[in-house]
Amino acid sequence: MAQRIIPLRSTIEPPLLDDWHPVADVGALVTGRDYKTKLFGIPLTIAISDKAATPAIQSGDGGAVDAKVKYGHVWACLGVPARDVVAIPEADEPGRCSVSGGSLGVASSGLRTVENFFDLAHFPFVHTNYLGVEPYTQVMPYEVVVSPDGLRTSICQFYQTFQPAGAPATGEHVSYEYRVFRPYSVGLFKANPHHPERRDCVALFVQPVDEETCIAHSWLAYVPDKIERSQIRWFMQLIMAQDKPILENQLPKRLPLSLRTENSLRCDTLSIAYRRWLRDLKVTYGAIPADG
Amino acid sequence: MAEMGITVADQAPAGQWFPLAALGEVTVRHIFHTQLLGEELAIWRADDGFVNVWKNRCPHRGVRLTLGTNSGSELLCRYHGLRFTSRTGQCAFVPAHPDRTPAKVLCVKRYGSMERYGFIWATLDDGANVYSQAGPEDIHVTTLRSLPFDAPVGAVAEALARGYRFQPIAAPNDAQEADTDCAIEMLDAFTIRVTASHRGGSTTVMLFPQPVDDARTVVHACVLDEVPQQHRLAVLRHHNDCLARLRDIVEASPV
């Protein structure tokens, strides 16, 4: 059977071209060994000479590509950087711990992957007994604010149950705040269980390999805790692995920006705002334009 | 055997009905996944016997309905648990908003379906007339194995109509193929009736090529009779062998 061929775009729109995108988890790089990947369909080779130096990135035609390291990942800019890499104030706090959840390839548009990250209604069905469970399926209303820094929600509440060891199952309302930093970068903020005035941040930095393929790099910046880093990684990878088959069975693969293509629910407030925001930014890579 | 002047449409005419699955494939609480003329379909039977043929896309966020659950009266989407009612395709419940009545627009796309010759048939045409293929619906058939072909429906139908041959049931084991007379009739561009006759008797097989997309076809088939139990396995194997040999020829031919 013929392999699905996704045509390469000849031009990438400036909001994406002149921005930074994740291309590797720093932990995945080995000194002296080339790491190959793709960004917007363009092959990249990443090499580090020693762990401290910034990696060197070359594109397929041999040209050098701007590179930076931030938040545990290597970021690349294929154009002329119009601004800096995503800034997350909570993650920049002194004394923060961080751990990467690993990088997962997904055969879907990175924009679909971002939308899935900030979707609450699927918790009881896709992440059963981890992030939600029936019959606690109700999504309470929330609001979205648009600013030059992206999109930000008010507090999103959801009821989660958990079973402490040797104790009966109990439940509580968790409060999440979502921020969409860039079209392909999103973060979830929740109160730290031991220091409720501070927030832990789960970020998803999505690398658009092409319009219908992406790599989701997950990362957690948390207040120092006794919890095992391997335990955190396990949990983040479990959640991503549960989302992958859903994302890969969503049609069309690219995110439709027209309001008429898919029917939204009340709980899709952020999804509606996100699609409108992409239209306003004139982002079309990984999307089906509203008039297309 | 008479020469056949064959013109087979590669594009199906409007209102054309096609078989998609043997009745035995659409089992209880199952959701059958298939594709017709490039359109993905989810087929499921409710507990009251009604067979739903739906576009394989949840109207909410586009997840394939075939990943979901057939509860016997509703199809539950895998992503957000939306429940779609049998027959109407209307969303009856949205778990994220349990106290609200779902909007009317939250409805799956449905296609006309029916049962004939031991298969579930459907049409993609909204305005299609009720299927009126010659042949009573309560005819006794023996369902044969459906076989997928990596070839367009035109090439497959043409190959079948040109010279599909098989041995009739209860032909003696030492019967030569040359002793068997095969009469092929094209009832329409997608329906081929082949009657194999021998001194001992004759057997009629119906062949229905289903266009999956422009490069793939599934050939459904049945014997127009109830095959006695002692012959069933031999008949199934014989059909499998004959059709698989034809498939090798069709797939090897340049398109």
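Quick note on labels: first sequence line is chain A, next is B, and so on, each numbered from 1.
- In this structure, the side chain of Asn263(A) does not engage the main chain of Leu106(B) through any donor-acceptor pair within 3.5 Å.
- Neither the backbone nor the side chain of Pro124(A) comes within contact range of chain B; no heavy atom of the residue lies under 4.5 Å from a heavy atom of that chain.
- In plain terms, the two heavy atoms of Phe125(A) and Tyr79(B) that are nearest each other are CB-O, 3.6 Å.
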**OP:** With salt bridge (Lys or Arg N to Asp or Glu O under 4.0 Å) as the test, would you mind laying out the steps for Asp268(A) and Arg61(B) before giving the verdict?
**Re:** CA-CA 10 Å; Asp268(A) 296 321; Arg61(B) 282 293 180 264; 3.6 Å; yes
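- More than 12 heavy atoms of other residues, nucleotides or ligands lie within 6.0 Å of OH in Tyr176(A), so this atom counts as buried by the packing criterion.
- Contact annotation for Pro59(B): both backbone and side-chain heavy atoms come within less than 4.5 Å of a heavy atom of chain A.
- In this structure, Lys38(A) places its NZ atom where only 12 or fewer heavy-atom neighbours from other residues, nucleotides or ligands lie under 6.0 Å away.
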Original post:
When you look at Arg266(A) and Arg100(B), which way does the side chain to side chain contact (heavy atoms under 4.5 Å, CB included) test go after all the steps?
Top reply: CA-CA 10 Å; Arg266(A) 275 267 178 101; Arg100(B) 295 172 63 84; 3.4 Å; yes
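- The NE2 atom of His97(B) lies 5.0 Å from the CG atom of Leu265(A); values are rounded to the nearest 0.5 Å.
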**OP:** Check the pair Arg64(B), Glu248(A) against salt bridge (Lys or Arg N to Asp or Glu O under 4.0 Å), reporting the backbone distance first and the verdict last.
**Re:** CA-CA 10 Å; Arg64(B) 286 189 165 100; Glu248(A) 295 186 340; over 6 Å; no
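- Contacts of Val105(B) with chain A are made by both backbone and side-chain atoms, with heavy-atom separations under 4.5 Å.
- Put simply, the residue from Leu247(A), Ile246(A), Leu251(A) that forms a side-chain contact (heavy atoms from CB on, under 4.5 Å) with Val63(B) is Ile246(A).
- For Asn116(A), the parts lying near chain B are the backbone and the side chain together; criterion is any non-hydrogen pair under 4.5 Å.
- The candidate from Thr261(A), Val139(A), Asn249(A) with the greatest count of non-hydrogen atom pairs under 4.5 Å with chain B is Asn249(A).
- Under a cut-off of 6.0 angstrom, the local environment of NZ in Lys244(A) is crowded, with over 12 non-hydrogen atoms contributed by other residues, nucleotides or ligands.
- For Glu143(A), the CD atom is loosely surrounded, since the number of other residues' heavy atoms within 6.0 Å does not exceed 12.
- Your options are Leu76(B), Leu67(B), Asn56(B), and the one with the most heavy-atom pairs under 4.5 Å with chain A is Leu67(B).
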**OP:** In sequence, state the C-alpha distance, the side-chain angles, and the governing distance for His80(B) and Thr137(A), and then conclude on side chain to side chain contact (heavy atoms under 4.5 Å, CB included).
**Re:** CA-CA 9 Å; His80(B) 304 98; Thr137(A) 58; over 6 Å; no
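- For Arg237(B), the CZ atom sits in a loose shell: 12 or fewer heavy atoms of surrounding residues, nucleotides or ligands are nearer than 6.0 Å.
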